[in-house]
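Read the numbers this way: they start at 1 and go in the same order the structure lists the ligands and their atoms. All values below come from the heavy atoms of this structure, side chains included, with hydrogens, waters and symmetry mates left out. Not measured: the values here are computed from a predicted model.
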Amino acid sequence: MPRPILARISLSALSHNLEVVTRQLKPAAAHRPRPLVWAVIKANAYGHGILNAVRGFSRADGLAMLDIDEAVRCRQAGWTKPILLLEGFFEPDDIAILEQYRISIAVHHQSQLDMLSQARPRQPIDALIKLNTGMNRLGFPAAQYANAYRQAIGLQEQRILGSLGKMTHFARADDDAAVTREQIDLFDNMTRDLPGKVSVCNSAGTLTAGLWSTLEPVEQWIRPGICLYGATPFDDKPASDFGLLPAMTLSAALISVRRIEAGAGVGYGHAFVAPEAMTIGVAACGYADGYPRHAPTGTPVCVDGVMTRTLGRLSMDMLIVDLSPAPQAHVGSQVVLWGEGGPSIDAVARAAGTLGYELMCAVAPRVPVVVV
Ligand SMILES: *Cc1c(COP(=O)(O)O)cnc(C)c1O
């Protein structure tokens with residue numbers, strides 16, 4: 001029998017979360033269409049599996065990712081709606097693949113315009129021209145944006161590019177509305193007179209009422225990622241506040257239960273010392289499974305439906321749990337590390353000083369996955 005550990009991916013949670021996000025996208029005015037949704041599925045759909053995302057997000061208007069191979073897999077799986085590469089392409093040879101599989105691109109750098117100008121695709125490629133409004137990661141600086149967009153229109157006239165749009169990315173949509181407002185104002189000012197659709201919002205922007213809807217009445221595409229998997233982009237607002245459901249549940253079983261005396265040290269470095277006699281258990285999950293190694297004593301975990309905590313330092317393949325609140329627990333009892341029936345992935349991430357984003361992407365290939 002394989003080690004008793006399992007990641008369960010819920011397709012119904014993926015589609016439920018997409019529904020939650022879509023439902024709150026009311027058009028800014030009655031005569032305007034509602035914004036369209038790129039479901040962001042980069043990094044193997046945040047660890048949930050590209051093909052699961054294709055199924056779970058079948059009602060999304062498009063899929064967005066970084067990896068051209070993942071884009072091709074979506075097409076091969078039967079996805080016919082738009083696909084966007086958020087970093088665009090990296091070398092001239094990519095352009096033939098973009099054309100063959102009808103993949104749209106973000107264009108964020110002059111080097112990409114230069115490569116496109118040398119290309120002779122038979123079908124024009126749809127593109128969003130990215131403006132740096134303050135994230136300072138990708139995108140043309142404001143002073144160069146109009147020129148870059150003019151070049152893109154030139155490529156469109158040569159039928160190298162197809163439809164064009166305007167794009168930016170927020171740096172602080174999760175914690176600073178004033179900074180985000182400055183980014184939106186800069187975006188509006190720079191793009192108002194340029195034709196094409198608009199795409200600005202990640203999850204935090206999408207879930208913050210009003211951020212997306214204040215833009216010009218053009219075709220808008222939002223780009224939610226983390227919330228579609230049932231985790232929160234915010235420090236102070238849990239995913240459950242939005243009605244989001246965890247799409248990934250990581251569970252294991254107890255493989256050992258023992259009684260220890262007061263003063264006994266537990267695990268490597270004896271980082272936890274029992275203040276009194278207590279019962280502890282060992283779950284078949286360690287950092288080599290993707291559980292965060294920095295999770296300290298007290299990280300929430302659920303055993304047989306009872307919330308309890310981890311004890312001491314995590315090992316490569318095991319972690320130790322406090323069975324004081326679950327005295328009935330036995331070898332074989334179910335341990336939910338995060339997800340349905342356990343702590344939220346965000347609560348575990350917070351305890352370990354990281355983010356739900358990192359944990360869901362980091363579940364190791366050796367963990368078996370079931371899709372429900
Ligand atoms: C990852 C990403 C998103 C989605 O971000 P979330 O915080 O997961 O919603 C949107 N846009 C771009 C450009 C991204 O890289």
*Asks:* Quick one: look at P233 and ligand 1, take heavy-atom pairs under 4.0 Å, and tell me if it's side chain, backbone, both or neither.
*Replies:*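 Under 4.0 Å from ligand 1, P233 contributes no heavy atoms.
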*Asks:* Is the closest heavy-atom distance from Y46 to ligand 1 below 4.0 Å?
*Replies:*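 It does; at least one heavy atom falls under 4.0 Å.
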*Asks:* List the closest protein heavy-atom neighbour of atom 11 (N) of ligand 1: residue, atom name, distance to the nearest 0.1 Å.
*Replies:*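 Going atom by atom, the protein heavy atom closest to atom 11 (N) of ligand 1 ends up being R223 NE, 2.9 Å.
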*Asks:* Fit a plane to each ring of Y145 and F140, take the angle between them on a 0 to 90° scale, and name the class: parallel (under 30°), tilted (30 to 60°) or perpendicular (over 60°).
*Replies:*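 The arrangement is perpendicular - the two ring planes meet at more than 60°.
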*Asks:* Check whether the ring centres of F57 and Y229 lie less than 6.0 Å apart, and answer yes or no.
*Replies:*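 Here the rings of Y229 and F57 have centres that are less than 6.0 Å from each other.
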*Asks:* Counting non-hydrogen protein atoms only, what is the nearest one to atom 9 (O) of ligand 1? Give residue, atom name and distance.
*Replies:*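 In this structure, atom 9 (O) of ligand 1 has S203 OG, 2.4 Å as its nearest protein heavy atom.
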*Asks:* Check each atom of ligand 1 against the heavy atoms of I226 and keep those under 4.0 Å away; list them by number with element.
*Replies:*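 Listed by number with element: 6 (P), 8 (O), 9 (O).
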*Asks:* Considering residues, nucleotides and ligands other than D236, do more than 12 of their heavy atoms fall under 6.0 Å from its CG?
*Replies:*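 Correct, the count exceeds 12.
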*Asks:* Among protein heavy atoms, which lies nearest atom 7 (O) of ligand 1, and at what distance?
*Replies:*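 Answer for atom 7 (O) of ligand 1: Y357 OH, 2.6 Å.
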*Asks:* Quick one: do D289 and R366 satisfy salt bridge (Lys or Arg N to Asp or Glu O under 4.0 Å)? Show the steps, please.
*Replies:* CA-CA 7 Å; D289 297 301; R366 76 174 187 181; 2.7 Å; yes
*Asks:* Examine A204 against ligand 1 and note whether any of their N/O atoms are separated by less than 3.5 Å.
*Replies:*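 Looking only at distances, the answer is no, because the N/O contact criterion of under 3.5 Å is not met.
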*Asks:* Mind listing the closest non-hydrogen atom pair of A283 and L254 along with its distance?
*Replies:*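 For A283 and L254, the tightest heavy-atom pair comes out as N-CD2, 4.1 Å.
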*Asks:* Hey, mind stepping through K130 and T168 against side chain to side chain donor-acceptor pair (under 3.5 Å) and telling me if it holds?
*Replies:* CA-CA 5 Å; K130 188 165 189 178; T168 193; over 6 Å; no
*Asks:* Considering non-hydrogen atoms of the protein only, which is the closest contact for atom 12 (C) of ligand 1, and what is the distance?
*Replies:*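 Here the nearest protein heavy atom works out to H169 CE1, 3.3 Å.
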*Asks:* Among protein heavy atoms, which sits nearest to atom 14 (C) of ligand 1, and what does the distance come to when rounded to 0.1 Å?
*Replies:*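 The answer is K42 NZ, 3.0 Å.
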*Asks:* Surrounding CD of E261 (heavy atoms of other residues, nucleotides or ligands, distance under 6.0 Å), is the total greater than 12?
*Replies:*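 Open.
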